[in-house]
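A short write-up of the structure that comes next.
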Amino acid sequence: MRRRTPPPPAPLPQRDGVDPVRVRLPHAGAWATVREYLVERLTGAGPGTIDGMLGAGLIVGADGRAVAPDAPYEPGMFVWFHRELPAEVPVPFPVEVVYRDAHIVVADKPHFLATTPRGTHVTETALARLRRELDVPTLTAAHRLDRLTAGLVLFTVRPEERGAYQNLFQDRRVRKEYEAVAPYDPALDLPRTVRSRIVKERGVHAAHEVEGEPNAETYVELAAHRGELGRYRLLPATGQTHQLRVHLNALGVPILGDPLYPEVTDPVPADDFRGPLQLLARRLEFTDPVTGVEHAFVSERVLQSWAL
């Protein structure tokens, strides 16, 4: 079995807080040139885009030199380039820094802002913004929140320490507490622990529960209620995609402002920030794996529906 060699450092700087794209040429293949492979691999690029980038010297190798349009194919070779990004609608809310030291940054992310670059959200993400605002190009996310969820996110400063912080989440050594506003149902028996098997299929917006061994667990508690609204305290023991949204929906109290549960609704225009999902990552507690410090952070955000 061939051992994978770690990629060399990127020869291109970040642009607007976004890393250059890295592509590794496969060891097995019948391409004659680097160009042939990139044209076949990067199917999303428009006709002539790869030729234009090669001609302009925008695709480089590990040494930072431009890859020639007729450069021969080299198995295992790395190349880098910057994507030309379409303009994004600015999310008009700040990312608040709750804590910062030499190892981590804890940020309080607003609704509508993605955690990391993905899909159409690239420069308008918490990671790209913080890299620019804090001037920390090595910043990376130890975990993610959904774009529509607000609250606390942990970022790491030193690449060599990222794995230690990611393992906190993988090994369930982080205590996460969420808050949600949803309909109040006096007949709903709470508190309770909800366990189910959640499946999220690629290309399908909503996740759903299926029969089988549970892979998702959430403790649900009613913190307060006022009229027809309830404020719920949620303690997830696992981190499946849309877990909290799926579990509250299954209890018959879907989170206010949710465009997917109980029904998928028409997409909200990119510049419409009026109806945020009423879900907040309120607390984050863990023992720092590098310094040994006991951390406990609390978001200062207030869910809109409960504040009215």
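Between Tyr37 and Trp31, the two ring planes are perpendicular [angle over 60°; tilted spans 30° to 60°]. Between Phe273 and Phe112, the ring planes are perpendicular. Angles over 60° get that label, and only those under 30° would be called parallel.
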Practice task
Any chance you could lay out the salt bridge (Lys or Arg N to Asp or Glu O under 4.0 Å) test for Arg231 and Glu179, step after step, and finish with the verdict?
Solution key: CA-CA 7 Å; Arg231 182 163 59 87; Glu179 181 179 303; 3.6 Å; yes
Handout entry: Verdict with reasoning, Asp288 to Ile104, per side chain to side chain contact (heavy atoms under 4.5 Å, CB included)
Key = CA-CA 9 Å; Asp288 194 302; Ile104 61 173; 4.1 Å; yes
Practice task
Using the side chain to side chain contact (heavy atoms under 4.5 Å, CB included) rule, take Leu127 and Phe155 through it: C-alpha gap first, then chi angles, then the decisive distance, then the call.
Solution key: CA-CA 8 Å; Leu127 178 61; Phe155 297 88; 4.0 Å; yes
Exercise for the section: Please lay out, stage by stage, how Arg129 and Glu124 fare under the test salt bridge (Lys or Arg N to Asp or Glu O under 4.0 Å). Expected result: CA-CA 7 Å; Arg129 276 199 193 178; Glu124 277 298 301; 2.9 Å; yes
Exercise for the section: I would like to know whether Trp80 and Asp19 meet side chain to side chain contact (heavy atoms under 4.5 Å, CB included); could you show each step before the answer? Expected result: CA-CA 10 Å; Trp80 287 261; Asp19 293 321; over 6 Å; no
Exercise for the section: Apply the test side chain to side chain contact (heavy atoms under 4.5 Å, CB included) to residues Leu280 and Tyr178: give CA-CA distance (whole Å), side-chain angles for both, the deciding distance (0.1 Å), then the verdict. Expected result: CA-CA 5 Å; Leu280 173 68; Tyr178 288 72; over 6 Å; no
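One N or O on the side chain of Arg197 and one on the backbone of Glu213 form a donor-acceptor pair closer than 3.5 Å. Judged by distance alone, the side chain of Glu40 and the main-chain N or O of Glu36 form no donor-acceptor pair under 3.5 Å. Between the side chain of Gln170 and the backbone N or O of Asn167 there is no donor-acceptor pair closer than 3.5 Å. No donor-acceptor distance shorter than 3.5 angstrom exists from the side chain of Asp171 to the backbone of Arg173, with no hydrogens or angles considered. Checking side-chain atoms of Arg100 against main-chain N and O of Val97 turns up no donor-acceptor pair under 3.5 Å. Using a distance-only test at 3.5 Å, with no hydrogens or angles considered, no donor-acceptor pair links the side chain of Glu177 to the main chain of Leu235. A donor-acceptor contact shorter than 3.5 Å is absent between the side chain of Arg158 and the backbone of Leu139. In this structure a side-chain-to-backbone donor-acceptor pair under 3.5 Å is present from Lys109 to Arg147.
Ser299 and Asp108 share a donor-acceptor pair across their side chains, judged by distance under 3.5 Å alone. For the residue pair Thr140 and Thr156, a side-chain donor N or O sits within less than 3.5 Å of a side-chain acceptor on the partner. With hydrogens and angles left out, the side-chain atoms of Thr193 and Glu217 include no donor and acceptor closer than 3.5 Å.
Counting all heavy atoms, side chain and backbone alike, Pro159 lies closest to Val157 at CD-O, 3.7 Å.
Within the 4.5 Å cutoff, the side chain of Leu85 has no heavy atoms near those of the Arg15 side chain. For the pair Leu25/Tyr73, a side-chain contact is recorded, criterion being any heavy-atom separation below 4.5 Å from C-beta on. Two residues are said to be in side-chain contact when any heavy atoms from C-beta on lie closer than 4.5 Å; Phe81 and Val23 meet this criterion.
In this structure, the separation between CG on Leu222 and CG on Leu188 is 8.5 Å, given to the nearest 0.5 Å. Taking CG from Leu256 and CG from Leu279, the interatomic distance works out to 11.5 Å, rounded to the nearest 0.5 Å. One distance of note links CZ of Arg301 with CD of Gln304; it measures 12.5 Å at 0.5 Å rounding. For the atom pair NZ (Lys176) and CG (Leu244), the distance works out to 8.5 Å, reported to the nearest 0.5 Å. A distance of 3.5 Å separates OG1 of Thr123 from CD of Glu88, quoted to the nearest 0.5 Å. Going from atom CZ of Arg283 over to atom CZ of Phe297 covers 11.0 Å, rounded to the nearest 0.5 Å.
At a threshold of 4.0 Å, the pair Arg131-Asp16 does not count as salt-bridged, since none of the basic side-chain nitrogens sits closer than that to a carboxylate oxygen. Note on Arg35 versus Asp51: salt bridge recorded, some NZ/NE/NH1/NH2 to OD/OE distance being below 4.0 Å.
Taking the six-membered ring wherever Trp is involved, the centroid distance between the rings of Phe93 and His111 does not fall below 6.0 Å. Residues His242 and Tyr261 place their aromatic rings such that the two centres sit under 6.0 Å apart.
Only one option out of Leu284, Thr287, Leu154 pairs with Val174 in a side chain to side chain contact (heavy atoms under 4.5 Å, CB included); it is Leu284.
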